[in-house]
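Let me begin by presenting the structure, written as structure tokens, before commenting on it.
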Amino acid sequence: MEHDFKKIEPKWQAKWEEAGAFRAGDDRSKKKFYALVEFPYPSGAGMHIGHVKAYAGLEVISRKRRMQGYNVLFPLGFDAFGLPTENYAIKTHVHPRVATDRNIEKFTMQMKKLGFSFDWSRTIDTTEEGYYKWTQWIFLKMFEHGLVFRDKTLVNYCPKCKVVLSNEDSQGGRCEVCKSEVVQRSKDVWYLRITEYADKLLAGLDSVDYPANIKAQQINWIGRSTGAFVDFTLTGTDEKLTIYTTRPDTLFGVTFMVMAPEHPILDKYRDRIANFDAVDEYRAFCAKKTEFERTQINKDKTGVRLDGLTARNPVTGKDIPIFISDYVMMGYGTGAIMAVPAHDERDYAFAKKFGVDIIEVVKGGDISAAAYTGDGEMVNSGFLNGLDNKADSISRMISYLEENGIGKAGVQYKMKDWAFNRQRYWGEPIPIVHCPSCGMVPVPYDELPLRLPELTKFEPGEDGESPLASIESFVRCKCPKCGGDARRETDTMPQWAGSSWYFLRYIDPRNDERFADPELVRYWMPVDWYNGGMEHVTRHLIYSRFWYRFLYDIGEVPFPEPYLKRSAQGLILGPDGEKMSKSRGNVIDPLDIVASYGADVLRTYILFLGDYGASAPWADNGVKGCRRFLERVAALTDIAKGSGSTPELSKDLHKTVKKVTDDIEEMKFNTAIAALMTLLNRISEVGKMTADELRIFVKLLCPFAPHLAEEMWERLGCDGFVSLSDWPEFDEKMTVDDEIEIAVQINGKLKGTILIPADADRDAVLAIANSDPKIAALLDGKTVVKEIVVPGKIVNIVVR
RNA sequence: GCGGAUAUGGCGGAAUUGGCAGACGCGCUAGAUUCAGGUUCUAGUCGGGGCAACUCGGUGAAGGUUCAAGUCCUUUUAUCCGCACCA
């Protein structure tokens, strides 16, 4: 048979759809398998080759699990709120709703050409009212439980997009969306108290199967550190200046303090600081530094010594100078530090520059040359002198601080609370009403969804206000509590909101009473396997674990962690080995490949390319190799016609079933496909096979090239879909050979190979090795010192 | 600086986890088929030496452990990714 992909691919796609072949079943007595892939943003550009690789992995695993008898849930939806669509609306005046629907339709049509076994009946769209109703519902639950708060703070603000950005969205001082430089601005910001969940998010990692590097990134992101809060008193006042330190053991070595330039206490003591004009000047200097300059680490330390304001070291009782410097940041700890120049590199550099005392308190280094950050015996440290265990010194000091009421043990996180509002149209409206007498009042649950009002102009207001603020009919409302005149919140949620719980909605996508039926949630959750990109490991993955954990804490879901197992696919690079980008002109369009080679070839090639988790460049010639493979496979229907039994193939077949079965589980798709190729070569060599044997081959092929598999299945006269047939079993006994070839080494060097019975014992193996003419000749006249026999592997004879 | 990875033929990559390095595919070489291009088929393809059987060397580099190292240990170099003055 010929591989006429242009004919067979649409044919089987239509048949699958008509039969609802891949709908997740209702039979809850069956074992379930929930496979989740990160849902796409439906951009106008449509499907990218990266989407194909991202979904192909769990596609193969889902297809295999379905054939193994699992009830499989493998859905796809759309994360459709977000800036690109809104910016498109601003430019073209096409309503985001219209553009989103159009893009989703296009994307869906493109995806369907690949023959992925998604359950399209469960598709969701985060911008539908029936969906964001529940996004708002979860937000209100968080509000109810005190996890939402509002604060006026300096925020990252993108002047081009006119929106407030979270720290995550403004990494490196650049706006995530438009890459323009982010500036600091004072604003009212909605926060989600994710820091309250920091410890739970850390602890939860112990119970899930994520790759070590992903766990490490999350741990790093949460950035938990333990230490102590210590109160220093400003000399001559009752004012306590609290600092956070991880090294309370070095308190005797504190010779100065440093505050962030923005520290509010400065203004309170403006009158006492004789050189406040220098403070103002330094603040202005810091404010106008570019983000690039600010993140240069080895730059000179700058700062200003406060004239007239000192602090008292609470353990030595000595007065020490206070500086302001931008190497201390307001956003971490308390915005002020104790400086121990002898044992901290930054403090050391600063002390050298400003001529402050450096007092050694930990022995082991040469503090006249550099800061010593290692461990050692405590010196110049009062009651700590002589201790040489850091942990002991720290706990001794913390006890002292606590007994004397000057400090306490404490924990800090690098992770910050989640800035949760955007001044944008195309997002979920925040369902809160501002009432002059009641304050912030949640929209009652039975009034959800709070719908986005119709709009024709989508530009943000001049001072960065949400476009919603200009719609009087939306803004003006009655307070749900007192009934008085009130105003609605006009900001919307960030794009991360909708994706923080979408996996729950697939379970019961049209439910209007709840986000999902609890019984169905109990059956389908947790997600068994979640695959996605490395770029979402620290944001989406943490946010969604946070939301899910919250729902668990309030009894809405039955497990604390949403995803049992996580994997990540590598990028497909352009043929030039560079990241694919329009500007480089190295973009491969998956639809072009489908048009000229077919979806089966594209799927097979993408998985054959290399390690699924690693990045690899696209190679046009490699695609041809996979086409050749599938064409030769198609031709097997001719070989299988009327052939007799083929005992020489049966072991190879069992071995291949085992190899493919095992490799798919480990996402080693490349070697699974290689095993199929090897078997194909073997079949060509033998020149015949039975129809039964071909059926097994076709089943193994099905997860990778399902259209061709179905067509061959039909040609073989089988009923139903091979996609829904049973996965082939293998007989462990048939995967081992009766006679095996092993290597014979002399002094560790390969000298020959021998054929031995698989069950031969040590003596038998040695006898065969010694009787091999070549080996015997080499051993002649030598003294055998040692004979090593590893059953089934190797013989090594050590001679002198 | 910290954290995580990676390094194997001309290329993408294999190697049952310490046991015959280079599976499978691409590319290349030669031959066959074809009017020709393409396709298909056969043989070869890590490097040096040899007509050959064979032999010596070989997994970024240098040491080490071991009968045996791509795999384990120590040191080191390069590249990539993430975080980054986190007190």
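Letters A, B, ... mirror the listed sequences (proteins, then strands); counts begin at 1.
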Report the distance from atom [atom1] of [X] to atom [atom2] of [N], rounded to the nearest whole Å.
X	N	atom1	atom2	answer
Ile214(A)	C81(B)	CD1	C1'	13 Å
Ile746(A)	U55(B)	CD1	C1'	15 Å
Asn220(A)	G82(B)	CG	P	13 Å
Asp344(A)	G1(B)	CG	P	16 Å
Leu573(A)	C11(B)	CG	C1'	14 Å
Glu631(A)	U39(B)	CD	C1'	9 Å
Arg627(A)	U40(B)	CZ	C1'	12 Å
Glu2(A)	U39(B)	CD	P	16 Å

Between [N] and [M], how far is it from one [atom1] atom to the other, in whole Å?
N	M	atom1	result
A52(B)	G58(B)	C1'	23 Å
U16(B)	A30(B)	C1'	36 Å
U29(B)	A78(B)	P	37 Å
G48(B)	C41(B)	C1'	33 Å
G38(B)	C80(B)	P	39 Å
A69(B)	U79(B)	P	30 Å
A14(B)	G1(B)	C1'	37 Å
C73(B)	A87(B)	P	29 Å

Could you note down all residue pairs passing salt bridge (charged side-chain N to carboxylate O under 4.0 Å, His left out) where residues 216-227 of chain A supplies at least one of them, sequence neighbours left out?
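Sorted pair list: Asp199(A)-Arg224(A).
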
Show me the pairs that pass salt bridge (charged side-chain N to carboxylate O under 4.0 Å, His left out) and involve residues 334-344 of chain A, at least two apart or across chains.
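Qualifying pairs, neighbours excluded: Asp344(A)-Arg346(A).
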
Residues in side chain to side chain contact (heavy atoms under 4.5 Å, CB included) with [X], at least two apart?
X	value
Ala614(A)	Asp611(A)
Lys53(A)	Gln569(A), Ile572(A), Ile606(A), Tyr612(A)
Ala336(A)	Leu241(A), Ile243(A), Met259(A), His263(A), Thr334(A)
Ile794(A)	Ala743(A), Gln745(A), Val790(A)

Apply the syn/anti split at 90° from 0 to G10(B) and say which one it is.
anti

Anti versus syn assignment for U8(B), with syn defined as within 90° of 0:
anti

Between Tyr332(A) and Ala212(A), which is nearer to the 5' end of RNA chain B once each is assigned its nearest nucleotide?
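On the 5' side of the pair lies Ala212(A).
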
With nearest nucleotides of RNA chain B determined for Gly223(A) and Ser684(A) from heavy-atom distances, which residue corresponds to the more 5′ nucleotide?
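Mapping each residue to its closest nucleotide by heavy atoms, the 5'-most match is Ser684(A).
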
Taking Watson-Crick (N1-N3 plus N6-O4 or O6-N4) and G-U wobble (N1-O2, O6-N3), each under 3.5 Å, can you produce the dot-bracket string of RNA chain B? Use [ ] for crossing pairs and | for inter-strand ones.
(((((((..(((......[....)))((((((.......))))))((((....))))..(((((..]....))))))))))))....

Treating primed atoms plus P, OP1 and OP2 as sugar-phosphate and everything else as base, which nucleotides of nucleotides 12-32 of chain B get B, S or - for protein heavy atoms under 4.0 Å?
BSSS---BB--BBSSS-----

List every contact pair, protein side and nucleotides 56-60 of chain B side both N or O, where the distance is under 3.5 Å.
unit_1: G57(B); atom_1: OP2; unit_2: Lys749(A); atom_2: NZ; d: 3.3

Under a 4.0 Å N-O cut-off, is there an ion pair linking Asp662(A) with Lys668(A)?
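The answer is no: the pair does not qualify as a salt bridge.
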
Can Glu38(A) and Arg566(A) be counted as an ion pair, charged N to O under 4.0 angstrom?
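Salt bridge flag = yes for Arg566(A) with Glu38(A).
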
Counting any heavy atom closer than 4.0 Å, what does Val744(A) reach on the DNA or RNA strands: base, sugar-phosphate only, or nothing?
nothing

Contact class for Met329(A) vs. all strands (heavy atom < 4.0 Å): base, sugar-phosphate, or nothing?
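Base contact.
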
Examine C86(B): is either OP1 or OP2 under 4.0 Å from a nitrogen or oxygen in the side chain of Arg224(A)? Give yes or no.
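Indeed not, no polar side-chain atom of Arg224(A) lies that close.
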
Under 6.0 Å between the ring centres of Phe323(A) and Phe354(A)?
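Ring centres of Phe354(A) and Phe323(A) closer than 6.0 Å.
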
Answer yes if the ring centres of Tyr282(A) and Phe285(A) are under 6.0 angstrom apart, and no otherwise.
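Ring-ring flag for Tyr282(A)/Phe285(A): true, centres closer than 6.0 Å.
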
I need the full list of side chain to side chain donor-acceptor pair (under 3.5 Å) pairs touching residues 785-796 of chain A, with sequence neighbours left out, sorted by first then second residue.
none

Holding to ring pair (Phe, Tyr, Trp, His ring centres under 6.0 Å), I want the full list of residues that pass it with Tyr210(A), two or more places apart in sequence or in another chain.
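Here no residue qualifies.
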
Let me have the donor-acceptor pairs involving side chains of residues 573-580 of chain A, under 3.5 Å, with sequence neighbours excluded, atom names and distances please.
unit_1: Asp576(A); atom_1: OD1; unit_2: Glu578(A); atom_2: N; d: 3.1
unit_1: Asp576(A); atom_1: OD1; unit_2: Asn586(A); atom_2: ND2; d: 3.0
unit_1: Asp576(A); atom_1: OD2; unit_2: Asn586(A); atom_2: ND2; d: 3.4

